[in-house]
Amino acid sequence: MLDKSFSPDTTESRLYELWERSGAFAARPDSNAEPFAIMIPPPNVTGTLHAGHALTMTLQDILVRWRRMQGRDALWQPGTDHAGIATQMVVERQLDGEGVRREALGRDGFIERVWAWKKQSGGVITQQLRRLGASLDWPRERFTMDEGLSEAVREVFVRLYREGLIVRAKRLVNWDPMFRSAISDLEVESREVRGHLWHIRYPVEGEDGLSVVVATTRPETMLGDTAVAVNPGDERYAALVGRFVVLPLTGRRIPIVADSYSDPEKGTGAVKITPAHDFNDFGVGERHGLPMPSILDADAKVVLDEIEAELRAIPGLADPDFVRGLAGQSREAARKSIVAELERLELLVAVEAHTHQVPHAERGGAVIEPRLTVQWYCDAAKLAGPAIEAVETGRVQFVPKQWENTFFAWMRDIQPWCISRQLWWGHRIPAWYGPDGQVFVAHDEAGALEQARAHYGAETALSRDEDVLDTWFSSGLWPFSTLGWPTQTADLARYYPGDVLVTGFDIIFFWVARMMMMGLHFMGDVPFRQVFIHGLVRDERGQKMSKSKGNGLDPLELIDSYGADALRFTVCALTGLGRDVKLGAKRVEEYRSFVTKLWNAARFLEMNGVRPVDGFDPHAARGQLARWIIDEAGIAVAEATAALEAYRFDEYAAATYRFTWNRFCDWFLEFAKPVFLAGDTPEANELRAAAAYVLGVILRLLNPVMPFVTETIWAEFGYGAEGSLIRAPWPEPVRLAEAETIGAELDWVIRFIGEIRAVRAEVNVPPSRVTPVLLRDASDATVARARHWSEAISRMARVSEVSVLAGEMPQGAAQAVVDEATLILPLAGIIDLDVERARLRKEHARALDEAAKVERKLGNADFVARAKPEVVEENRERLRAFGEEAQRLQAALQRLG
RNA sequence: GGGCGCGUAGCUCAGCGGUAGAGCAUCGCCUUCACACGGCGGGGGUCACAGGUUCAAUCCCUGUCGCGCCCA
């Protein structure tokens with residue numbers, strides 16, 4: 001017997017282990033089943049499960065479990081990525097605690113430490129995914145730093161290099177001075193910062209007293225200025241273009257150039273140009289062939305090497321000693337010193353408060369310094385072409401479709417992808433250098449040495465590139481590297497392309513774009529056919545969850561409190577297309593009620609001897625009640641299936657919830673009670689079998705979203721062995737002959753009971769008081785129905801008996817109208833007739849009002865002439881029904897006197 | 001500045017040419033033999049605003065206002 005209540009804590013881990021151990025999550029590459037493959041977007045190995053994971057993984061698990069039940073050979077590929085910067089940061093922090101510096105360990109020693117860390121605490125998230133119930137094929141788990149995946153990375157790098165799609169170049173990059181590495185422009189976020197706009201006077205060379213005033217937010221970069229730019233159309237400066245100014249502090253002579261980048265409306269209309277430390281200035285520098293000295297080093301401290309030679313002493317304007325004193329100072333300190341010096345020299349014309357956008361590193365939060373460095377670049381624009389085409393032609397479809405615009409916008413304007421990172425943890429770039437800097441790219445050192453021998457004509461020692469590749473470089477290969485590529489494995493042939501990628505819109509540029517570019521280039525086909533984009537998880541007030549706000553929700557705590565099923569169902573029910581999910585503990589608590597409801601319904605059935613009956617054929621059921629609920633279940637199956645096919649998780653949840661609670665529990669179980677009580681009759685047994693059948697349908701429909709509670713009930717009832725529901729077939733919608741007739745009858749019973757309940761409640765009949773119901777003007781069919789369902793009506797509407805009114809209307813009765821019949825509840829002395837009169841008047845008015853609305857419509861000749869005939873007919877029918885109802889209510893009122 | 005999305009019951013949202021819905025909250029009644037994480041019933045909405053198309057607009061079009069996000 002099922003316990004009084006469901007205990008997730010004692011059930012979940014046991015069931016999960018049972019599934020996992022029995023191979024229920026495993027793909028079946030040797031089967032004939034059609035594959036269904038989802039590649040997990042690999043979570044960061046340093047990560048722990050947050051609400052966003054709970055959302056995306058629940059949705060993926062629902063899809064996987066559903067398709068598996070449909071008989072597909074489901075592969076849900078698990079794994080994590082090595083998260084270069086994040087992981088290196090974690091281990092460095094660990095080392096900090098021990099007072100050890102990374103450099104002291106050396107590269108190999110450090111990497112050993114990272115692996116040790118990975119072994120010990122990496123993959124916490126994979127354990128947490130198990131708590132959520134995620135049915136990943138664990139033996140296939142991969143890590144982007146695995147040997148196989150690393151081989152894929154080397155192969156891709158070498159091939160792209162040979163195809164000219166990877167080059168080494170000196171360009172401006174987003175430099176993170178904290179990590180001392182280049183980072184992706186996608187890992188940079190603009191933050192609004194309150195700063196200043198400093199107006200600085202740059203004297204024009206050879207013109208006493210004439211100067212140009214530039215406005216800048218970063219005065220410290222003036223050490224690296226190589227021009228002043230003015231707009232070509234700006235008449236104020238037209239005469240000065242081609243002349244030179246003397247750069248204060250360094251005394252360097254720099255040109256005044258005309259460039260449309262300078263906005264005459266902004267500041268003074270003249271801007272200083274520092275090509276090595278600003279992206280826009282870099283463009284100006286390229287257009288005008290300007291020198292590009294760097295004046296900040298990897299730590300964003302002042303370095304003078306590239307401007308030292310040109311320092312000049314000019315009284316009142318430039319002092320080499322001052323500049324030399326800046327060497328080694330941070331950006332911030334240098335700014336202070338320089339502003340003070342300019343002020344002293346009376347070159348600072350004005351300072352205004354100014355709010356502007358400053359690039360920050362998403363991770364770590366350091367202010368990004370654009371720096372001119374040599375990096376490896378991948379020609380993303382070339383790779384993007386086929387990816388764009390794949391979406392244009394529909395080979396890859398986004399759901400919802402509007403995200404395709406976001407994808408296109410970004411892909412069509414894609415910048416060269418800087419793939420090198422100045423880190424130790426990651427895939428080391430397979431490039432070696434000769435003594436003269438000649439580069440040799442090969443799969444391994446032996447290959448590089450061989451190339452070097454051919455190149456130099458002699459054995460030559462090489463040194464390997466120190467940098468590693470961007471983590472996304474390896475994640476982009478995930479859909480095929482996990483399947484064994486570059487070896488042409490059977491898995492690769494079977495599971496590539498996958499069916500769908502599920503992720504949040506914030507990740508379109510990362511996973512979706514990269515996987516598509518790499519997949520198309522190396523596999524010649526898209527990595528997945530659909531991309532389902534879901535919203536972000538927010539808190540109850542709609543705020544983005546964040547550590548700093550402290551409004552994050554720990555999914556594990558929610559699971560502890562309410563069970564994984566409740567959390568999963570909540571997330572599912574709240575996932576509408578293109579909507580963010582506002583999640584709170586309260587919502588999970590609410591949906592836990594549904595888990596409990598299902599549990600109690602099952603318990604009730606179990607207590608009434610309901611057990612699955614082998615060979616029960618729903619089509620052969622004879623009883624009306626059985627046929628009705630079987631047919632209703634068929635509708636629910638069709639709705640749930642259609643919803644899942646359309647990624648309408650909210651609809652799937654709503655359809656199963658509605659059927660289970662509002663049909664099966666509220667009505668079917670109530671109607672079934674007397675039958676069950678009848679004991680061992682053939683009718684009762686058929687209804688038990690039908691109830692078992694429908695419960696089986698419910699359990700299967702809900703298993704993808706609530707695997708634990710459904711599996712528990714499934715085993716308890718003996719539908720199959722414990723842990724076998726996950727392998728049970730997804731139900732097919734069963735529709736019965738004459739379902740409409742039966743549906744109409746049950747619909748009538750439900751309305752009949754509902755009317756009596758409403759009347760009783762409204763005129764305040766105490767529930768303990770049972771009354772007879774007398775039928776007036778009822779058709780024979782109605783009388784027959786009322787007799788047939790009298791037991792249910794009696795119990796559910798607290799009616800002593802239903803009979804046909806004979807003779808006069810009793811005094812002091814309440815009345816209600818159901819179709820052609822008027823129901824009379826003799827309640828003399830119990831009810832307040834004024835209340836009853838008011839109630840009837842209201843009903844009457846409502847019917848009249850509706851009738852009038854329809855009448856107005858039908859009175860419109862244009863409507864009758866132009867509207868679809870069935871719509872017109874429908875309205876005629878409505879007018880008739882409302883009119884008759886109004887008449888009957890009117891009559892009821894008159895009888896009341 | 002460009003783009004996308006959203007304004008429907010107190011809250012969260014569904015509906016998207018012809019009867020305005022759900023869950024929660026609220027109010028009333030009920031410890032009725034599965035379930036008070038429950039049952040029954042009720043109240044509550046000029047569907048942001050203004051035009052237009054249409055026989056008919058919450059739904060389609062245009063504009064306005066408000067909110068959110070992405071890109072620059």
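Everything quoted here is computed from the prediction, not taken from an experiment. Just so we're on the same page: letters track the sequence lines, and every chain starts at 1.
Under the Watson-Crick or G-U wobble criterion, with both distances below 3.5 Å, G45(B) has no partner in any strand shown. Nucleotide A50(B): paired with U62(B) (Watson-Crick or G-U wobble, both distances less than 3.5 Å).
Here G18(B) is the nucleotide among A34(B), U12(B), G18(B) with the atom lying nearest to any side-chain atom of A867(A). Checking G18(B), C55(B), A34(B) against the side-chain heavy atoms of V871(A) singles out G18(B) as nearest. Of the candidates G23(B), C69(B), A34(B), C69(B) carries the atom nearest the R538(A) side chain, counting heavy atoms from C-beta on. With distances taken from any side-chain atom of N600(A) to the nucleotides G43(B), G41(B), C35(B), the minimum falls on C35(B). Considering only side-chain atoms of D650(A), the nucleotide from C24(B), G43(B), A14(B) that sits closest is A14(B). Distances from the side chain of E670(A) to the nucleotides G39(B), C37(B), C35(B) place C35(B) closest. In the set A34(B), U19(B), G5(B), the nucleotide with an atom closest to the side chain of Q402(A) is G5(B). Relative to the side chain of S593(A), the nucleotides A34(B), G38(B), C13(B) differ in distance, and G38(B) lies closest.
Among the protein residues, R648(A) comes within range of the sugar-phosphate backbone only, with heavy atoms under 4.0 Å from sugar or phosphate atoms but none that close to a base. Within the nucleic acid shown, A601(A) comes within 4.0 Å of at least one base atom, counting heavy atoms only. Among the protein residues, K597(A) comes within range of the nucleic acid bases, having at least one heavy atom under 4.0 Å from a base atom. Across all strands, L605(A) comes closer than 4.0 Å to no nucleic acid atom at all (heavy-atom distances). If you check every strand for non-hydrogen atoms under 4.0 Å, R757(A) touches sugar and phosphate atoms only. Residue-level contact check: R658(A) touches neither bases nor backbone, having no heavy atom under 4.0 Å from any strand. No engagement by E589(A) is indicated, since no non-hydrogen atom pair under 4.0 Å with the nucleic acid exists. Among the atoms of the strands shown, only primed sugar atoms or phosphate atoms (P, OP1, OP2) are found under 4.0 Å from some heavy atom of K853(A). R795(A) comes within 4.0 angstrom of nothing in the nucleic acid, heavy atoms only. Within 4.0 Å (heavy atoms only), K401(A) reaches no atom of the nucleic acid at all.
For the pair I508(A) CD1 and G5(B) P, the computed distance is 13 Å after rounding to whole Å. Rounded to whole angstrom, the span from the NZ atom of K586(A) across to the C1' atom of G23(B) amounts to 11 Å. Rounded to a whole Å, the CG atom of D565(A) is 19 Å from the P atom of C37(B). The separation between F6(A) atom CZ and G38(B) atom C1' is 19 Å, rounded to whole Å. In this structure, the CG atom of D666(A) is 15 Å from the P atom of A34(B), given to the nearest Å. When rounded to the nearest whole Å, the span between CD of E873(A) and P of U19(B) equals 16 Å. The CD1 atom of I830(A) sits 18 Å away from the P atom of C29(B) (whole-angstrom rounding). Rounded to a whole Å, the CZ atom of R798(A) is 12 Å from the P atom of C30(B).
When the P atom is used for both G41(B) and G7(B), the distance is 31 Å, rounded to whole Å. Spacing between G66(B) and G52(B) at atom P, rounded to whole Å, works out to 24 Å. With both ends at atom P, the span from C16(B) to C60(B) equals 10 Å, rounded to whole Å. Taking atom C1' on both U19(B) and A56(B), the two are 14 Å apart, rounded to the nearest angstrom. Across G39(B) and A34(B), the matching C1' atoms stand 12 Å from one another, rounded to whole Å. Nucleotides C59(B) and A20(B) are separated by 15 Å at their P atoms, to the nearest Å. On the P atoms, U26(B) is 31 Å away from C67(B), given to the nearest whole Å. Spacing of C1' atoms, G1(B) relative to G10(B), comes out at 38 Å, to the nearest Å.
Taking the six-membered ring for Trp and the full ring otherwise, the centers of F532(A) and F649(A) sit less than 6.0 Å from each other.
For C37(B), neither phosphate oxygen OP1 nor OP2 lies less than 4.0 angstrom from any side-chain nitrogen or oxygen of K4(A). A sub-4.0 Å separation between OP1 or OP2 of G39(B) and a side-chain N or O of W661(A) is present. Residue R866(A) places at least one side-chain N or O under 4.0 Å from the OP1 or OP2 atom of C55(B).
Salt bridge status for R603(A) with D3(A): absent, with no side-chain N to carboxylate O gap under 4.0 Å. Salt-bridge formation is not detected for the pair R846(A)/E850(A): no Lys NZ or Arg NE/NH1/NH2 atom is positioned less than 4.0 Å from an Asp or Glu carboxylate oxygen.
Checking side-chain atoms of R191(A) against main-chain N and O of H360(A) turns up no donor-acceptor pair under 3.5 Å. Judged purely by atom type and a 3.5 angstrom limit, D565(A) uses its side chain to pair as donor or acceptor with the backbone of V709(A). Judged by distance alone, with hydrogens and angles left aside, the side-chain atoms of R795(A) form a donor-acceptor pair with the main-chain N or O of E670(A) at under 3.5 Å.
Atom CE in M516(A) sits 10.0 Å away from atom CG in L501(A) (nearest 0.5 Å). Rounded to the nearest 0.5 Å, atoms CD (Q815(A)) and CZ (R888(A)) are 13.0 Å apart.
Mapping E762(A) and A602(A) onto RNA chain B by nearest heavy atom places A602(A) closer to the 5' end of the strand. Residues T596(A) and E874(A) both approach RNA chain B. Their nearest nucleotides, taken by heavy-atom distance, put E874(A) toward the 5′ side.
When F752(A), F671(A), W667(A) are each tested for a ring-ring contact (aromatic ring centres under 6.0 Å, His included) with W789(A), only one passes: F671(A).
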